[in-house]
There are 2 protein chains.
Amino acid sequence: MPKTETFNRNQVLQNATAVFHKKGYNGTSMQDLVDATSLNRSSIYNSFGSKLGMFMEVLSHYQSLYKSQMGKELMHSHNASNMIKAIFDIYLKDIYGDRDRKGCLIVNCKSEMTNQEPLIKSFMEQNQEQTIAMLEDVVHNGQMEKIFNEDQTAAQYALYLYSSIQGLRMTGILTNNEEELKNLVNTVLTVLY
Amino acid sequence: MPKTETFNRNQVLQNATAVFHKKGYNGTSMQDLVDATSLNRSSIYNSFGSKLGMFMEVLSHYQSLYKSQMGKELMHSHNASNMIKAIFDIYLKDIYGDRDRKGCLIVNCKSEMTNQEPLIKSFMEQNQEQTIAMLEDVVHNGQMEKIFNEDQTAAQYALYLYSSIQGLRMTGILTNNEEELKNLVNTVLTVLY
DNA sequence: TCTTAATTGAAATGAACGTTTCAAAATTAA
DNA sequence: TTAATTTTGAAACGTTCATTTCAATTAAGA
């Protein structure tokens with residue numbers, strides 16, 4: 001029977017993510033990936049099919065890290081106000097820790113590839129749909145609890161928050177002053193109260 | 001005496017802008033630029049020095065188009081409320097007309113190159129500074145006119161608006177429903193009143 | 001132990017990359 | 001017309017690109 005995959009797929013994805021995140025898709029070469037993953041060229045093609053194939057897995061991996069982080073935070077929050085703050089705090093912490101100002105892998109990829117690669121476009125569509133659905137749920141709860149106003153529907157606020165998050169990720173590329181960014185998030189959230 | 005530049009530099013820049021905008025910097029090849037500009041390879045290197053040199057001029061050209069558009073709109077507005085709406089309307093119109101969902105050249109470039117290319121980083125820093133300065137000026141006027149509130153300083157609101165604009169440009173890549181986007185902008189602006 | 005199939009390493013594929021070179025053509029002012 | 005200088009075209013530069021090939025190695029179940 002066959003020899004099985006020996007390398008740690010998660011570790012490989014993590015290393016590949018670091019390169020793609022730093023250099024972008026078009027800026028990353030197969031050699032970069034070979035170096036970063038310590039995998040053989042052939043092994044990469046065996047296991048991921050192509051550069052794009054590997055990148056799609058990297059994107060999903062990155063996305064799932066966020067999802068689990070969000071899920072964990074949302075468990076600990078007992079009202080919509082805390083939830084929405086916890087969500088933005090995750091992004092803020094990411095920005096503070098982003099020493100070389102790479103921004104968000106998904107936002108960067110959206111701007112680089114959505115109009116060029118159908119697979120990416122589909123990924124971005126479902127990412128947007130899921131993110132907005134999550135935000136809409138939180139806003140809706142907040143409105144039921146009378147914590148958030150009802151000037152706009154939960155769906156409208158969700159799009160606003162989704163857009164604000166993307167703006168925050170872009171702003172965080174050049175600005176990582178904690179005070180300014182915290183204030184920015186507060187300003188974004190005042191809309192809800 | 002010397003032969004002078006024969007091609008229309010503005011037209012060449014416009015054509016180059018279209019390619020860079022569509023494919024991104026790393027996704028654009030020298031051959032793409034030769035094809036788009038109908039210039040000879042040598043002429044490009046003679047006149048722009050390098051691919052990056054040409055791109056820097058493209059960025060400035062794109063930026064100055066926006067500036068003159070803003071200036072024109074701001075002349076026609078007689079209060080801060082109209083001004084800020086006119087500014088966002090320029091972005092909205094751009095999104096509606098962006099048939100192939102390229103997004104904003106400057107936002108895309110910021111996410112692709114700021115952490116990789118010092119020249120780009122400098123450009124983005126001065127672009128951010130200028131944009132925020134303009135927004136701060138408008139907000140400050142609005143606050144003097146008692147049209148905008150003073151819950152936050154003009155500088156704080158300017159950063160918020162700058163971030164919101166970037167978010168809008170990112171959102172516009174996948175979402176170009178006029179009604180949704182108009183509502184999004186309205187929600188962004190409610191903060192000021 | 002033998003069979004089976006994946007992993008691995010190294011080399012090679014041809015195409016595309018950004019850039020350079022250089023002689024010929026073009027254009028201007030003297 | 002001549003001298004000066006740029007534009008132009010075409011080819012070539014060496015490098016790097018993503019991908020393929022293939023024989024050797026490895027590890028598991030039969």
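Because only heavy atoms are used, hydrogens play no part in the values below, and waters and symmetry mates are left out as well, while side chains stay in. Within every chain, numbering begins at 1; the chains are lettered A, B, ... in the order of the sequence lines, protein sequences first and strands thereafter.
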(message) Between A:Glu180 and A:Thr175, does the side chain to side chain donor-acceptor pair (under 3.5 Å) criterion hold? Intermediate values first, please.
(response) CA-CA 8 Å; A:Glu180 283 185 64; A:Thr175 305; 5.5 Å; no
Compare the minimum distances between each of [options] and the side chain of [X], then state the nucleotide with the smallest one.
X	options	answer
B:Met30	C:dG9, C:dG18, D:dT7	C:dG18
A:Ser47	C:dT19, C:dT7, C:dT21	C:dT7
A:Asn46	C:dC22, C:dT8, C:dT19	C:dT8
A:Gln31	D:dT7, C:dT8, D:dC17	D:dC17
A:Ser43	C:dT8, C:dG18, C:dC17	C:dT8
B:Ser42	D:dC22, C:dT21, C:dG18	C:dT21
A:Tyr45	D:dA18, C:dT19, C:dT8	D:dA18

Can you tell me the distance, in whole Å, between the [atom1] atom of [X] and the [atom2] atom of [N]?
X	N	atom1	atom2	value
B:Arg9	D:dT6	CZ	P	14 Å
B:Leu39	C:dT19	CG	P	15 Å
A:Lys51	D:dT16	NZ	C1'	12 Å
B:Asn26	C:dA16	CG	P	18 Å
A:Asp35	C:dA10	CG	P	14 Å
A:Ile44	C:dG9	CD1	P	12 Å
B:Asp32	C:dG18	CG	C1'	12 Å

(message) Between A:Asn40 and A:Thr28, which residue's closest nucleotide on DNA chain D lies nearer the 5′ terminus?
(response) A:Thr28
(message) Less than 4.0 angstrom between a side-chain N/O of A:Ser29 and OP1 or OP2 of D:dC17, yes or no?
(response) yes
(request) Check whether the ring centres of B:Tyr66 and B:Tyr91 lie less than 6.0 Å apart, and answer yes or no. (result) yes
(request) Would you mind reporting whether A:Glu73 and A:Ile87 have side-chain heavy atoms less than 4.5 Å apart? (result) no
(message) A side-chain contact here means heavy atoms from C-beta on lying under 4.5 Å apart; do B:Arg101 and A:Thr114 qualify?
(response) no
(request) Establish, for the pair B:Lys51 and B:Phe20, whether the NZ or CZ atom is under 6.0 angstrom from the six-membered ring centre and no further than 45 degrees off its axis. (result) no
(message) Base of D:dT20, side chain of A:Arg41 - is there a donor-acceptor contact under 3.5 Å?
(response) no
(request) For B:Ser38, answer base if it contacts any base atom (sugar-phosphate contacts may also be present), sugar-phosphate if it contacts only those atoms, and nothing otherwise; contact means non-hydrogen atoms under 4.0 Å. (result) nothing
